[in-house]
Amino acid sequence: MFKHLLVPVDGSALSERAMQASIDFARQLGASITAFIAEPPTPPVGSTHSAARYLRDLETHAQVAAEHARGVLSAFERRASDAGIPFEGCFAQAHEIDAAIADAARQRGCDLIVMVTHGRGLFGEWLFGSQTRGVMVRSTLPLLMLH
């Protein structure tokens, strides 16, 4: 049925649940996992920043984002490897996280996206936004939402 899962993670407690649930699911299906982290880009420069300082901030932000992604993906990879699940990890910086997730799934040839949702309800989604809803709108792939 499904052979290649995309699992967006961010290092939060919710993504820990996504990791374990997707590993269990992939084991049952005989599927592989591609984990994906979308990091927000550096915020726009303020009027008090010099160009040199902004370039340093860009570089620092890129390094911190890459280190964070490597740490999260490495932990996920160890868990997948221990379970015998083929694994690939990738990350990108993106303004629109939901679009980046949908694009990553398409580009990597995934056939199912597995996401954990906060389950805040309609008011919570309106107030805080919903990456899951955004992925549903942007992707033609099936989406398994974990609560």
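All figures in this text were calculated on a predicted structure; none of them were measured in a lab. Just the heavy atoms: all of them, side chains too, but no hydrogens, waters or symmetry mates, feed the values below.
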At their closest point, which heavy atom of [X] faces which heavy atom of [Y], and how far apart are they?
X: Arg27; Y: Ala83; result: NH2-CB, 3.2 Å
X: His61; Y: Pro40; result: NE2-O, 2.7 Å
X: Ser32; Y: Ile85; result: CA-CG2, 4.4 Å
X: Phe76; Y: Ser22; result: CZ-OG, 3.4 Å
X: Leu29; Y: Lys3; result: O-NZ, 3.1 Å
X: Pro8; Y: Val114; result: CD-O, 3.2 Å

State whether the number of non-hydrogen atoms from other residues, nucleotides or ligands found under 6.0 Å of Glu59 atom CD is greater than 12. no
Please say which of Val7, Ile23, Ile33, Thr34 ends up in a side chain to side chain contact (heavy atoms under 4.5 Å, CB included) with Phe87. Ile33
In the structure I gave you, are the side-chain heavy atoms of [X] and [Y] within less than 4.5 Å of one another anywhere?
X: His95; Y: Pro41; answer: yes
X: Leu112; Y: Phe25; answer: yes
X: Arg17; Y: Leu146; answer: no
X: Glu16; Y: Arg79; answer: yes

Would you say [X]'s side chain and [Y]'s backbone share a donor-acceptor pair under 3.5 angstrom?
X: Ser12; Y: Ser15; answer: yes
X: Ser139; Y: Met136; answer: no
X: His68; Y: Asp10; answer: yes
X: Ser81; Y: Glu77; answer: no

Does one hydrophobic cluster hold both Val64 and Ile97, with members joined at side-chain heavy-atom distances below 4.5 Å? no
Please determine whether residues Met145 and Ile113 belong to a single hydrophobic cluster, defined as Ile, Leu, Val, Met, Phe, Trp and Tyr linked transitively by side-chain heavy-atom distances below 4.5 Å. yes
Let me confirm one number: the [atom1]-[atom2] distance from [X] to [Y], rounded to the nearest 0.5 Å.
X: Leu6; Y: Arg106; atom1: CG; atom2: CZ; result: 12.0 Å
X: Arg138; Y: Leu143; atom1: CZ; atom2: CG; result: 13.5 Å
X: Met19; Y: Arg78; atom1: CE; atom2: CZ; result: 10.0 Å

Can Gln28 and Asp24 be counted as having a side-chain donor-acceptor contact under 3.5 angstrom? no
